[in-house]
Amino acid sequence: MEEKRHVIEKNFDMVYRLALSQTKNREMAEDVVQETFLRFLKTDRSFESDEHIKAWLIRVAINCSHSIFSSSWHKKTVPMTELSEEIPFETEEKGDAYYAVLELAPKYRAVIHLFYYEDMSIEEISKTLKINSSTVKSQLSRGRKLLRERLKGGYDFV
Amino acid sequence: MILFRKYYKEANDDLQPRRELIDEIFEKASKRESRKIYKLAMRYGGAVAAVLVISATAIFYPQIQKMNENYLVTVSEVEKDATLGGDEEKLSTLVEKMMPAKENHAQDKKEPKSDSIAEEKVINGTAEYEIEKEARAITEDFAIISGRVSLESISDVIETEKEVVSSFLYSVFGEIDRETQNQHIFEIAGKFEDGGETFYIGRWRWWVVDHSSLLTEFVLDEKLSQMYECRIEEGEIIWTTENNFLEK
């Protein structure tokens, strides 16, 4: 159990930020984090490496986010506060970059987040999300194009 | 040029999760574990008792037959039969009959997930194997699925009806959880029909100090007599009738 606790502490921020980028809502992101790590605590699966654990957590977190998101809870229960009303970023650039990503469709958001925040390569994203690398490439390219349009061209997407 | 990567990273680094959430996850995991044990006790308590009664009957059946007219069994007769061990065969046969799944054990041993084979403790002819198998099934995210419907089939519930259902749940579970002193929050999201019955679907939360924490999603029948844990996965509501919350 101590080992699992160590893994959770190590990956806690990563899963939370990914969940937040997917759900756009702190409360729902916490639900996703909770469910992801509960599944991790329950699983008997043996992991080969830290990277393997991270990939598994990313996949579960994204699946949990989609489950919550597609469940229409946000439509049928009391509307929750969206992030844009909550976070005062220190600089305009940070806020612009962050909220531009949140405006993208979930599939682009996931790929953009993993590429630009987690510094994962196209191949790694492809393996983690279990989608074709050419699909990752095209989603990344489409996501960048949409971001360029939203950010009015002042950004470099290296 | 402004580096998108730099600012996106810095913005994310500014977002800090609540560290208390880690302890809450472990607390919830421990609660789920207790609930699993409770479910097993409820499910197999009767079966184990029945096996014990039948075993005892099988052991003492010869003595009962040897009872004299005064319905007394002599000590010597009991001692004699106990030392002979002649009923062992009858007992094992009887238990085997109680456990018809024995044939399936061979099948189960071939097919379970490779990482769990080593942990399996197979004791032929007892309920222990079945209980362990069941424990594993319950922990695997509703391996025992009692019902499923598409999310598309959910219809809206009018506010007054939501209030009636919520009031009922508060009357059953109280406004405050006795053990933790956390406030209950019941949200009714919609309703759907399954097998001629109408069910509400809702979410049960606790208000913990300054935030809410999800306990479970649930389905509740319109007669307000059955309430089961459910999960929403890939566009479907999946539930298990293992544990009716309203029977506790």
Side-chain angles (χ1 to χ4, degrees), chain A residues 1 5 8-9 12-13 15-17 19-21 26-27 29-31 33-35 37-46 63 66-68 70-73 75-78 83 87 89-91 93-101 112-113 115-117 119 144 147 151 154-158, chain B residues 1-19 21-26 28-30 32-33 36 113-116 118-119 136 138-141 151-152 154-157 162 185 187-190 201-203 205 211-214 217 231-237:
Chain A
M1 195 54 98
R5 188 175 189 103
I8 291 175
E9 282 172 353
F12 188 61
D13 290 359
V15 171
Y16 175 75
R17 285 165 189 154
L20 200 54
S21 78
R26 282 183 189 272
E27 206 168 33
E30 287 196 356
D31 287 348
V33 170
Q34 185 169 268
E35 190 55 39
F37 286 122
L38 281 170
R39 288 187 191 192
F40 174 69
L41 288 174
K42 269 198 295 187
T43 187
D44 293 332
R45 177 187 287 265
S46 56
N63 286 341
H66 291 180
S67 298
I68 286 184
S70 65
S71 73
S72 341
W73 274 103
K75 289 178 200 163
K76 292 184 179 291
T77 54
V78 181
L83 271 180
I87 306 171
F89 286 107
E90 284 169 13
T91 63
E93 289 88 350
K94 280 197 226 176
D96 287 349
Y98 191 77
Y99 289 119
V101 173
I112 292 279
H113 183 86
F115 188 83
Y116 285 105
Y117 184 68
D119 292 327
R144 276 193 202 117
L147 286 172
L151 293 167
Y155 285 77
D156 185 353
F157 289 91
V158 179
Chain B
M1 277 300 241
I2 304 165
L3 284 174
F4 172 80
R5 187 185 293 269
K6 175 178 181 286
Y7 288 108
Y8 185 66
K9 266 180 185 288
E10 285 180 7
N12 271 279
D13 287 340
D14 285 352
L15 303 170
Q16 296 298 326
R18 286 186 308 110
R19 309 309 300 182
L21 189 56
I22 296 176
D23 289 328
E24 288 170 25
I25 290 164
F26 278 92
K28 188 160 183 185
S30 149
R32 278 193 181 180
E33 192 63 22
K36 184 184 80 190
K113 291 174 185 172
S114 55
D115 58 355
S116 60
E119 295 168 17
R136 198 159 52 240
I138 286 173
T139 57
E140 284 173 3
D141 285 347
L151 279 170
E152 300 298 316
I154 299 182
S155 56
D156 288 334
V157 179
K162 280 184 186 177
I185 302 168
E187 298 167 337
I188 306 300
I201 172 162
R203 180 175 272 187
R205 292 172 175 276
H211 66 278
S212 72
S213 174
L214 177 66
E217 279 141 357
R231 187 183 292 284
I232 295 163
E233 277 181 6
E234 294 173 4
E236 284 187 322
I237 303 164

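Every chain is numbered from 1, with letters handed out A, B, ... down the list of sequences.
- Using a cutoff of 4.0 Å between basic side-chain nitrogens and carboxylate oxygens, D14(B) and R17(A) are not scored as salt-bridged.
- A cation-pi arrangement is not found for K94(A) relative to Y7(B), the charged atom failing to lie both closer than 6.0 Å to the ring centre and inside a 45° cone about the ring normal.
- Because its NZ or CZ atom is both nearer than 6.0 Å to the ring centre of F115(A) and within 45° of the ring axis, R5(B) counts as a cation-pi partner of that residue.
- The side-chain hydrogen bond (donor to acceptor under 3.5 Å, both in side chains) check on R5(A) picks up E9(A), D23(B), with sequence neighbours excluded.
- Note: Q34(A) CD to I22(B) CD1 = 12.5 Å, rounded to the nearest 0.5 Å.
- Partners of F89(A) according to the ring-ring contact (aromatic ring centres under 6.0 Å, His included) rule, which considers only residues two or more places apart in sequence or in another chain, are Y98(A), Y99(A).
- Taking every heavy atom of both residues into account, R205(B) and D31(A) meet most closely at NH2-OD2, 3.1 Å.
- For D13(A) against P17(B), the heavy-atom pair with the smallest separation is OD1-CG, 3.3 Å.
- For Y117(A), the parts lying near chain B are the backbone and the side chain together; criterion is any non-hydrogen pair under 4.5 Å.
- Atoms CZ and CD1, from F40(A) and I25(B) in turn, are 11.0 Å apart once rounded to the nearest 0.5 Å.
- One distance of note links NZ of K6(B) with CG of D156(A); it measures 13.0 Å at 0.5 Å rounding.
- Between the OH atom in Y8(B) and the CG atom in D96(A) there is a gap of 14.0 Å [rounded to 0.5 Å].
- Note that CG of L151(A) and CZ of F4(B) are 7.0 Å apart. Values are rounded to the nearest 0.5 Å.
- Closest of all the heavy-atom pairs between F12(A) and L21(B) is CZ-CB, 3.7 Å.
- Side-chain contact between F26(B) and I8(A) is present, with at least one heavy-atom pair separated by less than 4.5 Å.
- Residue D119(A) touches chain B through both its backbone and its side chain, counting heavy-atom pairs closer than 4.5 Å.
- In Q16(B), the CD atom is crowded: over 12 heavy atoms of neighbouring residues, nucleotides or ligands sit closer than 6.0 Å.
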